[in-house]
Chemist: 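Below you will find the structure I want to go over with you.
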Amino acid sequence: MSGSEKNVRRRVITPTSDPTNADPLLRPRGSQQYEAQPNGCERAFVQGSKIKWFWAPAFFGFWLLLYVAISIPACNRLPRPLTIQDEAKHPDQFIAERAENNLHALVDIGPRVVGSRQNEMAALKLLSQKMQKIRSGTANDIEVDVQVASGSYVHWSMVNMYQSIQNIVVKISPKGTNSTTYLLVNSHYDSVPAGPGAGDDGSMVATMMEVLRVLAKSDKPLKNPVVFLFNGAEENPLQASHAFITQHKWAKYCKALINLDSCGNGGREILFQSGPNHPWLMKNYRRAIKHPYASTMGEELFQNNFIPSDTDFRIFRDHGSVPGLDMAYTYNGYVYHTRHDKADIFPRGSLQHTGDNLLALVREIANSPELEDSSKYAEGHTIYFDVMGWFLVFYTETEGVILNVIVALASLGICGFAFKLMSVSSGIKLDKILKRVLHTFFVHLLSVVVGAVLPVLLGLFMDAVHLPLSWFTNSWLILGLYFTTFFFGLAIVPAMYFHWTKHDKLPIGQRVQILLHCHCLLLALLTLIFTICGVRSVFVLMLSCLFYTMGLIINIATKLHSKDVAWVIPHIVCIVPPFVFFAYFSHGFFTTFIPMFGRFGENLNPDLAVAVFSVAVGFLTCGFIVPVLQLFNKSKTIITALLGVTLLCFIIAMTPIGFPYRPATNVQRFAVLHTKRTFHDAENHIRRQESGYFIMPQDRRTYTVKNAVINMTLAQRIGADCEKEINCGLPLYNQRWHKTRKNSLWIPASEPVLGEDLPTVIVLSKKPLTATKIRYEMQLSGPNHMALFIKPLNGASVKDWSFHKAPLRLNFETPYFVYFSWGVNGDPLKFWLELEKPNGNWNSSTVELGLGGHWTHHKDMLTPDFKKFLDSFPAYVDATPWPASFESRIY
């Protein structure tokens, strides 16, 4: 044998009866006869490389069960309310029953509108008596002061002017203290016209009274005084807080604020504004609070005007530079600012929830060292959120930026490593894997776009066929109408891509993992982008990336990532916590916003807005869940079934179930003013005079009452008058009405009964200042609530006036809007205007004034015809009525 032959290794195949011992190269390709047999669990769930199709309902049901069984109860959880009988066992705690008694006593007075006897006398007397009772037998010093103030400021584009409005201010201090550092706690006891004001804001007033009682009798000392401001003019809007912070003797000593308000009736109070730039307040909140409920996202939505409300917090912040915490009820916003905002439906557990929190928070902040010089601790914005109401997560904005960047980069890195491992395990070159990743990423982007467009189109369609707000009462319809439509679009595009590329060598399990990795890449990139843009709410995307990456690390560590289906188990386990949290978070979001669509006005298509919200929430909560549908057999059929759910819910929307409104609980809102309008020409002659019902719709479905209300078929849009009359010739009540005035309706009617105190402007003097300037001195008198509109004519301009200077300095659009109200003193308001005409021609008209008068709390002035008209509204309508007048004069 030659040397070369000796070096040759020979392989001898020995015949054997054991097929598993045969050469693998000799086995029939694709043969499964000798593969490892699946275990019992695999046989139950898996067929081939996919999950059996009949497990799809269980998959959907699992996530729905988490939402219903965990997330929703966490949103609605309230503590057990303490009764007066419990006080002996809990002598230093908040007693919800006492607060409830306070609430009933206040609400029994009736609507408390600025200028009414109920607000200026009855409520003031009740609160004063409560304060005197608390003062007796206390170990602390308690001072009570009744403030009567006048002033003005600019609210949006309106000069907000007040005269003789009232505040009740109570200061509780440790005996013998000389501290000049105070904590301010604020709520308001006034209400909107015709509204009992139990939720807004009687509940917070009642809570403050009980907290004050506990502090007064407690042995636990306060290091610094606490000022409790019961303000009597918030609904005007925000006048009494401005009066306090700019004029009261204690205002300059207030270094921090807790503001309490409401846009609902009960539930849990949410902390939705903090600071600004004072993270020490959130540190105190985290240490003290017993039932946390807070959201940075709520703060950003509120401050960017997504919520159609404002609070005293802004006044204290802008006019007093007082940092603080802003908290409010948002549950059951359906009755907010309606006659159904009653004490009887306010949950006692909500009072206990807020009382526990407020009492602990007052003690914590009043005793904190940071309060003494809070300016030293103005370190920037914060990011905060509660987790299921169990605890609060809080960190600074700088820490948030670092955390976002680390998690986003780590997610990108781990996904890149997963792609490399996929190349090794599949035997496919890395560049080809990356090419598949690129294709899948663009497919995913397309699926997100399609998923977003479909609900938007559905929202436009629902409005076009007169079915908006079908989910207003039965909010679960949103899930069936808009979420399922989004999920369909998000799933069907990759399903078609996988179908068209079904001969790809990469197993379907690996391809679905690439799809999920691409979603993680997208979230990581969005996290970086929004972090650069300074959006603090991007923490939600960061959390989603974090938990997905954790699941991916587990799959890589256990080598399950190379399996067809088994990798789904760690993936789902790690996605459950963020899903439950996001579902909890989103449920609170929708619970707050859905009732608001009943008062967003007629300009907004509510279904379009809900469609956009659904896309955002669906993308956040289910972005890592929907792609798993591709692992099921008959995946396209399962995905298409989502459209069947949408169709079913659309059919339901057309039935009485989809009708938005219900009497007393889910009402439709209208402001209805029995109005007399009078217009004068330049010679002071009446050129037009008419009476009718001025109707301001609050939502999109004005047509719902068309066939029910008397003469509603005669209603005309007021838009034509906006072209020829000052401010459309309407007695607008506030700035929000001013923005939507062109959508208001007018129905001719008999003349209203108006008070003897008709709005009147008297020219006291008219003095030329120069050849091109003139000065009018005038006097305004009338009812408690008036609107003054000022419009220069024929090239004239207002150069100066006695009102707030900001509208002139900032070149506000004319006509200028001055809102004026008075509380206990109705003396005429004297003012002056300086006008300039460059051409010096004073023979032509110079200025036009529009005068609006409102008798908001005079039920005795409603005429029989007006009452009959109001009675013709369906039972599900809350119509807020009062007499009003409008008059224009030219000078």
Side-chain angles (χ1 to χ4, degrees), residues 81-106 123-147 167-189 201-232 244 248-250 253-260 284 288 290 351-368 371:
L82 297 181
T83 66
I84 295 174
Q85 292 180 347
D86 295 322
E87 189 172 2
K89 297 179 181 179
H90 308 279
D92 203 38
Q93 292 191 28
F94 182 94
I95 305 298
E97 187 179 3
R98 287 188 183 276
E100 187 178 61
N101 293 339
N102 293 335
L103 176 60
H104 280 277
L106 182 63
L124 193 76
K125 180 180 178 181
L126 172 68
L127 292 171
S128 297
Q129 290 174 344
K130 293 283 186 181
M131 296 307 108
Q132 293 302 324
K133 186 176 181 180
I134 291 173
R135 290 179 70 178
S136 61
T138 179
N140 298 283
D141 288 331
I142 296 182
E143 298 178 61
V144 180
D145 182 59
V146 177
Q147 180 190 21
N167 287 318
I168 300 180
V169 194
V170 183
K171 183 178 73 170
I172 179 170
S173 312
K175 284 285 187 181
T177 184
N178 58 0
S179 172
T180 55
T181 299
Y182 303 167
L183 169 65
L184 174 63
V185 184
N186 172 75
S187 67
H188 67 93
Y189 61 84
D201 194 23
S203 56
M204 292 301 192
V205 170
T207 300
M208 279 175 54
M209 285 194 283
E210 174 60 11
V211 168
L212 182 57
R213 183 195 68 82
V214 176
L215 292 175
K217 64 184 288 293
S218 174
D219 294 331
K220 295 181 179 178
L222 290 172
K223 183 178 179 181
N224 295 296
V226 181
V227 173
F228 288 82
L229 171 58
F230 300 90
N231 91 59
F244 172 82
H248 197 272
K249 60 183 179 181
W250 294 333
Y253 304 118
C254 294
K255 306 302 182 183
L257 160 75
I258 301 173
N259 187 61
L260 304 168
N284 281 269
K290 293 186 177 181
L351 293 170
Q352 190 68 51
H353 188 280
T354 305
D356 287 344
N357 286 342
L358 180 61
L359 179 59
L361 195 55
V362 166
R363 283 172 166 158
E364 185 72 27
I365 296 178
N367 293 327
S368 67
L371 184 65

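What you see below is based on every heavy atom in this structure, not just the backbone, and it leaves out hydrogens, waters and symmetry mates. Computed from a predicted structure; not experimentally measured.
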Chemist: Check whether any side-chain heavy atom of Leu183 lies under 4.5 Å from a side-chain heavy atom of Asn224, and answer yes or no.
Modeler: no

Chemist: Without swapping roles, check the side chain of Lys217 against the backbone of Pro91 for a donor-acceptor pair under 3.5 Å.
Modeler: yes

Chemist: When you compare the side chain of Tyr253 with that of Thr181, does any pair of heavy atoms fall below 4.5 Å?
Modeler: no

Chemist: Is there a donor-acceptor pair closer than 3.5 Å between any side-chain N or O of Asp201 and the backbone N or O of Tyr189?
Modeler: no

Chemist: Treating Ser128 as the side-chain partner and Leu124 as the backbone partner, does any N or O pair qualify as donor plus acceptor under 3.5 Å?
Modeler: yes

Chemist: Once rounded to the nearest 0.5 Å, what's the spacing between atom OG of Ser179 and atom CG of Leu222?
Modeler: 10.5 Å

Chemist: Taking only Lys NZ, Arg NE, NH1 and NH2, and the carboxylate oxygens of Asp or Glu, determine whether Arg135 and Glu143 approach each other closer than 4.0 Å.
Modeler: no

Chemist: With no hydrogens and no angle check, do the side chains of Lys175 and Asn140 hold a donor and an acceptor under 3.5 Å apart?
Modeler: no

Chemist: Tell me, do Val205 and Asn102 make a side-chain contact under 4.5 Å, heavy atoms counted?
Modeler: no

Chemist: Can you check whether Arg213 reaches Ile95 side chain to side chain, under 4.5 Å on heavy atoms?
Modeler: yes

Chemist: Just checking Lys133: does its NZ atom have more than 12 heavy atoms from other residues, nucleotides or ligands closer to it than 6.0 angstrom?
Modeler: no

Chemist: Looking just at side-chain N and O atoms, do Lys171 and Tyr182 make a donor-acceptor pair shorter than 3.5 Å?
Modeler: yes

Chemist: Of the non-hydrogen atoms in Trp250 and Phe244, which two are nearest, and what is the gap between them?
Modeler: C-CZ, 4.5 Å

Chemist: Is Met209 close to Met131 at the side-chain level, that is, under 4.5 Å between some pair of heavy atoms?
Modeler: yes

Chemist: Which heavy atom of Ala366 sits nearest to which heavy atom of Val226, and what is that distance?
Modeler: CB-CG2, 3.8 Å

Chemist: How many angstroms lie between atom OG of Ser368 and atom CG of Asn284, to the nearest 0.5 angstrom?
Modeler: 4.5 Å

Chemist: Compare every heavy atom of Gly202 with every heavy atom of Leu103, then report the nearest pair and how far apart it is.
Modeler: CD1-C, 3.4 Å

Chemist: Testing the basics here: between Ile365 and Ala256, what is the closest heavy-atom pair and its distance to 0.1 Å?
Modeler: CG2-CB, 4.4 Å

Chemist: Go through the steps to decide whether Leu260 and Leu358 satisfy the test side-chain contact (heavy atoms from CB on, under 4.5 Å), and finish with yes or no.
Modeler: CA-CA 9 Å; Leu260 304 168; Leu358 180 61; 3.6 Å; yes

Chemist: Could you tell me if Asp86 and Thr83 have a donor-acceptor pair between their side chains, going purely by distance under 3.5 Å?
Modeler: yes

Chemist: Say you draw a straight line from CD1 of Ile172 to CD1 of Ile142; how long is it, rounded to the nearest 0.5 Å?
Modeler: 4.5 Å

Chemist: Is the shortest heavy-atom distance from the side chain of Arg98 to the side chain of Glu87 under 4.5 Å?
Modeler: yes

Chemist: Report the distance from atom CG of Leu127 to atom CE of Met208, rounding to the nearest 0.5 Å.
Modeler: 9.5 Å

Chemist: For the side chain to side chain contact (heavy atoms under 4.5 Å, CB included) test, which of Val144, Val146, Asn186, Val227 pairs with Val169?
Modeler: Val227

Chemist: Does the side chain of Gln352 reach to within under 4.5 Å of the side chain of Leu82, using non-hydrogen atoms?
Modeler: yes

Chemist: When rounded to the nearest 0.5 angstrom, what is the spacing between CG in Leu351 and CD in Glu100?
Modeler: 6.5 Å

Chemist: Can you confirm whether Asp92 sits close enough to Val214 that some side-chain heavy atom of one is under 4.5 Å from a side-chain heavy atom of the other?
Modeler: yes

Chemist: Between Thr177 and Pro225, which heavy-atom pair has the shortest distance, and what is it?
Modeler: CG2-CG, 4.4 Å

Chemist: CD of Gln147 to CG of Asn231: how many Å apart, nearest 0.5 Å?
Modeler: 10.0 Å

Chemist: Checking side-chain contact (heavy atoms from CB on, under 4.5 Å) for the pair Phe228/Ile168: CA distance, chi angles, key distance, verdict?
Modeler: CA-CA 8 Å; Phe228 288 82; Ile168 300 180; over 6 Å; no

